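Structure first, then comments.
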Amino acid sequence: MVRQNIYHFVEETIVGIVFRHLAAGLTLIVIITAVLGYAHIASTIRHQTLSQLQHETHQHQLLLDRYFTDLNHQFALLQQQIQTTTLQSDVCPNEPTQIQKAVQVLNQATQLESLASVRFTLEQPEQQQQIHLDCTRQSFTQTLPATNRWGQNIDFKNNQAWITVAQPIDDNIFIVASIDIQATLTQLQNLTWVGASSFLYNQEQQALTEDAPQFEFNTSLPFWHMESQRYIAVKQLETTGWYLAVTLPKTILGHITWQIAQLILLFGGIILLSVFVLLHTFLFRLVANPLHEIILATKQLGKKDFNVRLKMQRQDEFGVLAKSFDKMVQHLANHQQQLQTYAMRLENEAQQLTQLNQQLKREMLERQKAQTEKEQLLIENMQMSAELDIARRLQQLILPKSTEIKTIPQLEIATLMEAAAEVGGDYYDVLQHQGMIKIGIGDVTGHGLESGILSLMVQTAVRTLLISEQHDPIQFLSILNKTVFANIQRMGIDKELTLLMLDYHCNTLRISGQHEQVIVVRQGQLELLDTDELGFPIGLEEDIEHFVSFKEVDLNEGDVVILYTDGITEAENKHGEYYGLERMCSIISKYWCKTSVDICQAIVNDVESFIDGYEILDDITLIVMKQKPELAIESY
């Protein structure tokens with residue numbers, strides 16, 4: 001029923017109208033093509049048929065000429081054979097020997113295929129009798145032809161035309177050969193165009209058969225009309241001088257043309273039907289199938305199946321309708337989901353109302369428990385605060401004192417460290433041992449107690465290695481890393497740090513380890529030294545010896561070297577902007593000629609101005625070193 005409705009809809013819509021118009025147009029085209037094709041085919045068939053008729057007439061002429069030439073040759077051989085034979089014959093004992101021999105030879109000649117349509121008799125004109133091959137005698141009154149040519153005597157007997165020709169054996173006996181013209185023409189008729197007829201006429205243009213039409217010969221024209229009903233082709237035989245005429249009724253051409261036109265109409269109808277079927281199938285797929293899918297989807301939607309989707313990949317109106325349908329179903333599914341959610345919420349609220357008293361009781365118990373836990377946490381926080389205070393105190397205690405730093409004769413050093421939490425994760429130190437100055441700066445990942453303890457471990461290990469007179473920077477960092485790595489593994493924490501170590505001796509600074517860039521200022525010109533290729537994070541791998549290298553920098557009077565942690569460059573204001581290395585370099589360029597303390601204070605002031613009271617999110621550590629003049633060193 002749905003498919004019938006769809007078919008009815010297609011037929012009643014513009015698609016059905018277009019389909020019918022297309023069908024009418026195609027039918028008209030087929031009819032016009034058939035009419036024009038019929039006219040063209042009629043002309044072509046007429047021309048081809050007449051050409052074939054002339055060609056076949058010529059071929060028949062050649063066949064008849066060859067036939068009569070063979071007959072003349074056979075008659076000459078018979079005459080010679082009869083005249084020269086000496087055989088005796090007892091076929092007719094009462095006949096003369098000469099006649100017997102002739103009859104015997106002629107009997108043998110009738111067995112030849114080439115003479116099958118020829119009848120032989122012996123004629124005795126003086127006795128006016130005719131001797132047949134069975135030795136019977138009949139009287140006759142006809143006169144033998146004066147000249148030995150075919151077709152001189154015409155005798156119509158029993159609707160058969162017999163043409164005679166005589167060959168003399170002696171003065172009294174003649175061989176007479178009679179040819180069955182009708183049989184000869186019948187053989188030619190089997191080779192002629194269907195519907196055509198062949199006729200023979202003698203030299204006097206007399207018909208050699210009773211049913212031959214009479215007309216005026218005109219051999220100069222290959223085709224000409226007679227009675228406006230037929231076409232005639234005429235050829236003259238060279239051997240006999242006879243005329244061969246082949247006729248073809250005009251109705252034959254019309255019949256053939258009509259048959260071919262019927263075939264054209266048949267094929268045209270088949271093609272038209274195929275076009276109708278293909279067009280119908282195309283329109284059904286174009287219109288009916290999408291409508292059928294939409295109807296099925298609508299029925300499923302009516303059953304509250306909100307998972308149905310059309311998903312038509314089309315760009316026409318059906319594609320737009322399918323997309324709108326899918327959106328509508330999606331909206332309905334969302335509304336249905338919301339209704340279910342609201343229903344569940346109401347049900348939950350009802351359950352909550354019924355369980356309100358029980359919840360109030362549980363809340364009272366939980367409040368009492370929370371109060372107990374709060375008191376416990378307060379006690380734990382007090383203990384943790386005490387522990388952090390101890391760790392912070394230890395961290396501050398091991399930092400280099402200003403009195404120690406001032407004892408360094410060659411360098412003017414200023415330091416600053418501000419923790420973002422109670423215990424910071426940054427590390428720095430300035431150590432002296434037997435004329436060697438060791439300066440270190442690092443940044444432990446994270447903050448708090450674990451980061452602070454790790455920085456204490458590093459400080460202890462650095463001092464230990466320095467006192468052990470380990471001056472090779474590669475071995476120094478390798479041993480330090482193994483020590484820290486082992487402690488991290490024992491503690492079971494996920495921490496590491498970037499660490500940069502500087503060895504100063506006789507105006508030469510040897511740099512090793514991986515940390516932030518080292519800023520060197522020479523006569524107001526800033527140089528940034530990248531440390532990524534000089535080391536590897538400490539505590540991340542057990543063996544980092546093959547990652548460690550060093551770089552040496554010569555310092556002159558007034559040269560400034562600045563070390564820092566990323567807490568400065570990544571200091572953030574309330575707009576989410578970073579302080580950045582470029583801004584810090586601009587301050588350094590402005591104050592490099594002042595003392596290390598002034599430079600350090602200028603950087604700190606600019607950072608505080610930039611963040612404008614915003615919370616410090618990371619530890620800030622800064623070391624500013626400046627090469628003293630030679631006179632200052634000597635006076636020291």
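What you are looking at is a predicted structure, and each value in this text was computed from that prediction instead of being measured. Only this structure's heavy atoms are used, side chains among them; waters, hydrogens and symmetry mates stay out.
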Output yes when [X] and [Y] qualify as a salt bridge under the 4.0 Å nitrogen-oxygen rule, no when they do not.
X      : Y      : result
Lys626 : Asp559 : no
Arg510 : Glu552 : yes
Lys482 : Glu542 : no

Would you say [X] has more than 12 foreign heavy atoms packed within less than 6.0 Å of its [atom1]?
X      : atom1 : result
Glu469 : CD    : yes
Lys401 : NZ    : yes
Tyr578 : OH    : no

Distance-only polar pair, side chains of [X] and [Y], donor-acceptor under 3.5 Å:
X      : Y      : value
Asp443 : Thr498 : no
Gln475 : Glu545 : yes
Tyr428 : Thr415 : yes
Tyr342 : Glu347 : no
Ser549 : Glu533 : no
Gln459 : Asp429 : yes
Asn507 : Gln627 : yes
Asp598 : Thr595 : yes
Thr445 : Glu496 : no
Tyr579 : Asn573 : no

Check: Leu555 and Tyr504 side chains under 4.5 Å, non-hydrogen atoms: yes
Quick one: are Met625 and Glu412 in side-chain contact, heavy atoms under 4.5 Å?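 Sidechains of Glu412 and Met625: no contact.
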Looking only at heavy atoms, what is the nearest atom pair of Pro400 and Val430, with distance?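 It is CG-N, 3.8 Å.
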Give a yes/no verdict on a cation-pi contact between Lys438 and Phe476, requiring under 6.0 Å between NZ or CZ and the six-membered ring centre and an angle within 45° of the axis. yes
